[in-house]
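Fair warning: this is a prediction, and the values are worked out from it, not measured in the lab. Protein chains get the first letters and strands the later ones, always in sequence-line order, with residue 1 at the start of each.
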Amino acid sequence: MKTKKQNADFLHVGRNLLGWYHIHGRDLPFRKTNDPYKIWICEIIFQQTRIEQGLNHYNRFIQRFPDVQTLAAASTDEVLLYWKGLGYYSRALNLHHAAQQILTAFQGNFPEKYEDILSLKGVGKYTAAAISSICFGENIPAVDGNFYRVLSRIFADDFDISSSKAFGYFSALALQMMPEGEAGHFNEAMMDLGSAICKPKNPLCESCPLNDDCLAFQFGKVQDFPVKTKKTKATDLELKYSFVEFNGIFLVRQRKEDFIWKKLYEFPEKTPVEWAEFVINQKRVSHKLTHKNLMIIFDHVKLPSLQILQKFAAKEGYFLFSAEQARQKSFPKPLQNFLESIFPQTEMV
DNA sequence: AATACGGGGCG
DNA sequence: CGCCCAGTATT
C-alpha cells in the first residue's frame, strides 16, 4: 500500500523525531566527537552488532589505536586481537587495509567527500552516509535496519526490505523527512528510536513520539512490518580439532583469509594415529554461525615429552603457544571457550 | 540478485 | 530454535 502523504507531513514527522532525540537520545562515547576516524571505527564495529555487545570493544580499540596512523602501523594480529569475539572478522582486516589506504591515497587525512569515503575498503553506502552526515554535515540518510523497520511501520509500507532496491527506496523516503542541515542527528535519532522504542519485537508504541503519525499503529498492524521475504537456510558443518599439549604448551596454526574466522588462530585438525593412546579426553561442542550449525569435536592430547611436540611443530609449520601467548592472539569464540576451560586460572579475554 | 560472513539476545 | 542486529564484499 502506497502512502499519499505530502512533503510537509514528512517533515513534520522528522521534526517530531528530532525533538524526541534531543531529550531521550542515548549518551554514547562516540556521540561526543565529530572525529571522522572515531565515527568510522564505531560504524564498522556496530555493523550487525548491538551497542551493548560492542561498546567495550570500541573503547579498547580507540584507546589502543587512537588515530589512523596508529592503526595503519599496527600488525594484523594485533588488530584482530582487539576484534576478538566480535565476529565478522573481515571487518577488522578491511579496517586495517583502509587505514593504509588513507595514508597512501589521502596523505593520512581522513577523506571528506562521500565518494572518497565510499572508496575505503569495508565502507559501503550506509557507513559512508553515516560518516558524511555526522562528521561533514552532508544531507544523506544512513539507511540501516532501523530505518527499514521505523519507516515501513510509519507508512505501513510493505516494500520488501530484503530486496536490493530497499536501500534506495527508503533513502528517498527518509530524505523527505529530514530537516535541512540535521542529517547527523536525524540518522542517530532513527537508530535510537529503532533501538529503544520501535523494536523488532514488542515495540513500545504507547511511548513512541511518532505514534500519532504511524499508520501501522493506527491500523493495529505494527507486527506486520517490515515485510521481509528472503529466507536463508542453515547448513551443518563438523570440525575436528586436536588440542595437542605438553605441560601447558600446545599446537596452533593460523587460518587463511577465506571461509570463516579469517586469519584467526586454531588447533590442528586431526590426531595422528600414533598419538591415539595419548588422547585423554574428547569434548563435543555445538556452535551456531549465521548460516551454519557447527559441531566441533576436540581431542585433548597430552604428549609425554616436549621433544615430540617441538618436532611436530617444526615439521608441520605450526606454532607452539602457552596460555599467556594465546591470550595475545585472536581465536574463534568456541575455541576461545575451550581454552578458558583448559586454563581456568588464566583470564583469556 | 543471491549468498556468505560471527556472535549474542530475545520471544 | 528462528529472527534480528549501526552492512559489505563477492559471485
Side-chain angles (χ1 to χ4, degrees), chain A residues 25-26 28-31 38-58 80 83-95 97-98 117-131 133-134 141-150 160-167 170-171 184 186-196 198-203 223 225-235 237 255 257-264 285-294 296 330-337 349:
Chain A
R26 286 174 291 187
L28 299 166
F30 38 88
R31 292 275 171 80
K38 292 194 178 72
I39 299 300
W40 172 47
I41 300 299
C42 100
E43 291 302 338
I44 301 298
I45 286 182
F46 294 112
Q47 284 169 7
Q48 302 292 284
T49 304
R50 294 168 197 278
I51 296 296
E52 317 80 66
Q53 187 185 350
L55 203 48
N56 289 336
H57 282 87
Y58 170 80
L80 285 170
W83 208 265
K84 173 148 56 170
L86 262 184
Y88 283 169
Y89 298 96
S90 55
R91 288 184 295 173
L93 301 177
N94 290 339
L95 214 47
H97 180 271
I117 298 171
L118 190 59
S119 76
L120 299 174
K121 193 100 177 276
V123 173
K125 288 178 297 183
Y126 160 78
T127 302
I131 297 173
S133 61
I134 293 171
V143 176
D144 68 342
N146 293 299
F147 275 66
Y148 291 154
R149 193 169 58 256
V150 173
D160 183 4
I161 68 164
S162 55
S163 156
S164 59
K165 295 183 201 145
F167 187 92
F170 286 102
S171 290
F186 179 87
N187 288 331
E188 294 171 324
M190 197 70 89
M191 298 174 203
D192 281 12
L193 188 78
S195 165
C198 198
K199 302 182 293 181
K201 307 291 180 187
N202 298 26
Q223 299 290 359
F225 300 96
V227 171
K228 185 178 184 180
T229 62
K230 188 188 75 168
K231 291 162 177 53
T232 54
K233 43 186 178 288
T235 60
L237 180 63
R255 292 186 63 87
E257 193 174 342
D258 62 357
F259 198 37
I260 56 174
W261 300 328
K262 298 178 179 59
K263 305 287 285 181
L264 266 54
V285 175
S286 61
H287 188 82
K288 199 155 163 50
L289 272 46
T290 306
H291 295 117
K292 288 180 169 46
N293 296 311
L294 291 187
I296 306 177
S330 189
F331 285 82
K333 194 62 178 176
L335 278 64
Q336 176 76 19
N337 291 341
V349 181

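The side-chain contact (heavy atoms from CB on, under 4.5 Å) test applied to A:Asp192 returns A:Trp20, A:Tyr21, A:Arg26, A:Arg31, not counting sequence neighbours. Scanning for side-chain contact (heavy atoms from CB on, under 4.5 Å) contacts around A:Gln223 gives A:Pro203, with sequence neighbours left out. Residues that satisfy the side chain to side chain donor-acceptor pair (under 3.5 Å) test with A:Asn337, not counting sequence neighbours, are absent from this structure. With sequence neighbours excluded, the residues that form a side chain to side chain donor-acceptor pair (under 3.5 Å) with A:Lys38 are A:Asp35.
Looking at heavy-atom distances under 4.0 Å, A:Thr290 makes contact with a base. Here A:Asn146 lies in heavy-atom contact (under 4.0 Å) with sugar-phosphate atoms only. Nucleic acid contact for A:Ser163: none, since no nucleic acid atom lies under 4.0 Å from a heavy atom of the residue. Heavy atoms of A:Ile51 sit under 4.0 angstrom from at least one base atom. Within 4.0 Å (heavy atoms only), A:Arg31 reaches at least one base atom of the nucleic acid. A:Phe30 comes within 4.0 angstrom of a base, heavy atoms only.
Side-chain nitrogen and oxygen atoms of A:His291 include none within less than 4.0 Å of the OP1 or OP2 phosphate oxygen of B:dT3. Proximity of A:Trp83 to the phosphate of B:dG6: no side-chain N or O atom is located under 4.0 Å from OP1 or OP2.
Looking at heavy atoms from C-beta onward, A:Trp83 lies in side-chain contact with A:Ile44 at the 4.5 angstrom threshold.
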Strictly under 3.5 Å: I want the nitrogen or oxygen pairs between protein and nucleotides 9-11 of chain B, one per line.
none

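In this entry the distance linking CG of A:Leu294 with C1' of B:dC5 reads 12 Å, nearest Å. Rounded to whole Å, atom P of B:dG7 lies 13 Å from atom NZ of A:Lys292. Look at NZ on A:Lys84: it is 12 Å from P on B:dG7, rounded to the nearest Å. Rounded to an integer number of Å, the gap from A:Leu289 CG to B:dT3 P is 18 Å. Separating the CD1 atom of A:Ile296 from the P atom of B:dG6 is a distance of 13 Å, rounded to the nearest angstrom. Summarising the geometry, the separation between CD1 on A:Ile45 and P on B:dC5 is reported as 22 Å, rounded to the nearest angstrom. At whole-Å resolution of the value, CG in A:Asn94 and P in B:dG6 are 12 Å apart.
A:Phe30 and A:Tyr58 have perpendicular rings, their planes meeting at more than 60° on a 0 to 90° scale where under 30° would count as parallel. A perpendicular orientation is assigned to the rings of A:Phe186 and A:Phe147, their planes being inclined by more than 60° (bins at 30° and 60°).
Sequence order on DNA chain C of the closest nucleotides to A:Cys42 and A:Val123 puts A:Cys42 first from the 5' end. In terms of position along DNA chain B, the nucleotide closest to A:Ser164 lies nearer the 5' end than the nucleotide closest to the other residue of the pair A:Gly85 and A:Ser164. Nearer the 5' end of DNA chain C, as judged by each residue's closest nucleotide, is the contact made by A:Arg149, out of A:Ala128 and A:Arg149.
Nucleotides B:dG6 and C:dT10, compared at atom P, are 14 Å apart to the nearest Å. Comparing the same atom, C1', in C:dA6 and in B:dA1 gives a spacing of 24 Å after rounding to whole Å.
If you walk DNA chain C from 5' to 3' and mark each nucleotide with an atom closer than 4.0 Å to a heavy atom of chain A, the marks span C:dC4 to C:dA9.
A donor-acceptor contact under 3.5 Å links the side chain of A:Thr49 to the base of B:dG6.
No donor-acceptor distance shorter than 3.5 angstrom exists from the side chain of A:Asn187 to the backbone of A:Ala130, with no hydrogens or angles considered. Although no hydrogens or angles enter the test, the distance criterion places a donor-acceptor pair under 3.5 Å between the side chain of A:Lys262 and the main chain of A:Phe259.
When all heavy atoms are compared, the tightest approach of A:Ala98 to A:Trp40 is CB-CZ2, 3.5 Å. Nearest heavy-atom pair across A:Ala92 and A:Leu80 is CB-CD2, 4.0 Å.
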